[in-house]
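A short write-up of the structure that comes next.
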Amino acid sequence: MRERAFSGALGSTVEITSTTVQRGDVIQVGGRACRVSDLYQLPHGAKQLLLDSGELLTIHTRTRLLAVRMRRRR
């Protein structure tokens, strides 16, 4: 599913894991859209995500989330 977003970017919905999450991914937590601003590697393949709001979210190797990934139009 692709939708037009602000500033000429396209957003596509992707499934993310601790291996595939990237800075800039937008995930929904508690009904709010949160952008991943930084990532920290943890033991056993887990990652800690720093969200724009300052909150931390830890995801493990088996965690599956849906995210909107912004891509620039060419």
Side-chain angles (χ1 to χ4, degrees):
M1 175 180 176
R2 291 185 181 164
E3 298 175 2
R4 183 165 171 86
F6 52 90
S7 71
L10 290 175
S12 58
T13 303
V14 294
E15 183 180 82
I16 61 169
T17 65
S18 63
T19 310
T20 61
V21 65
Q22 298 177 2
R23 285 180 186 91
D25 285 349
V26 178
I27 58 175
Q28 194 166 24
V29 179
R32 293 185 349 204
C34 301
R35 185 178 307 270
V36 177
S37 61
D38 208 357
L39 305 165
Y40 302 101
Q41 184 68 47
L42 298 175
H44 307 290
K47 285 200 180 154
Q48 195 170 53
L49 312 180
L50 175 62
L51 306 176
D52 277 350
S53 62
E55 297 169 306
L56 293 171
L57 175 67
T58 302
I59 60 174
H60 300 277
T61 54
R62 293 188 177 189
T63 302
R64 303 281 185 259
L65 299 170
L66 290 179
V68 175
R69 186 166 288 163
M70 303 308 284
R71 297 186 322 170
R72 293 185 178 209
R73 257 183 7 184
R74 295 182 183 184

| remark: Rounding to 0.5 Å, atoms CG (L66) and CD1 (I27) come to a distance of 10.5 Å

| request: Report the distance from atom NZ of K47 to atom OG1 of T17, rounding to the nearest 0.5 Å. | output: 8.0 Å

| R64, CZ atom: more than 12 neighbouring heavy atoms under 6.0 Å | yes

| said: How close do D38 and R23 get, counting heavy atoms only, and between which atoms? | reply: OD1-NH2, 2.8 Å

| said: Hydrophobic clustering (ILVMFWY, side-chain heavy atoms < 4.5 Å, transitive) - are V14 and L65 grouped together? | reply: yes

| If every non-hydrogen atom of L51 is compared with every non-hydrogen atom of C34, which pair is closest and at what distance? | CD1-CB, 3.9 Å

| message | Please give me the minimum heavy-atom distance between G45 and S18, naming the atom from each residue. | response | O-OG, 2.9 Å

| side-chain contact (heavy atoms from CB on, under 4.5 Å), paired with R69, selected from T13, V21, I16 | I16

| Are V29 and I59 connected in the hydrophobic side-chain network, where two residues link if heavy atoms are under 4.5 Å apart? | yes

| field | Expected output: side-chain Q48 to main-chain L57 donor-acceptor under 3.5 Å | value | no

| said: Using the side-chain hydrogen bond (donor to acceptor under 3.5 Å, both in side chains) criterion, which residues pair with E55? Sequence neighbours excluded. | reply: R32, S53

| request: Give the minimum heavy-atom separation between A46 and T61, together with the two atoms involved. | output: N-CG2, 4.3 Å

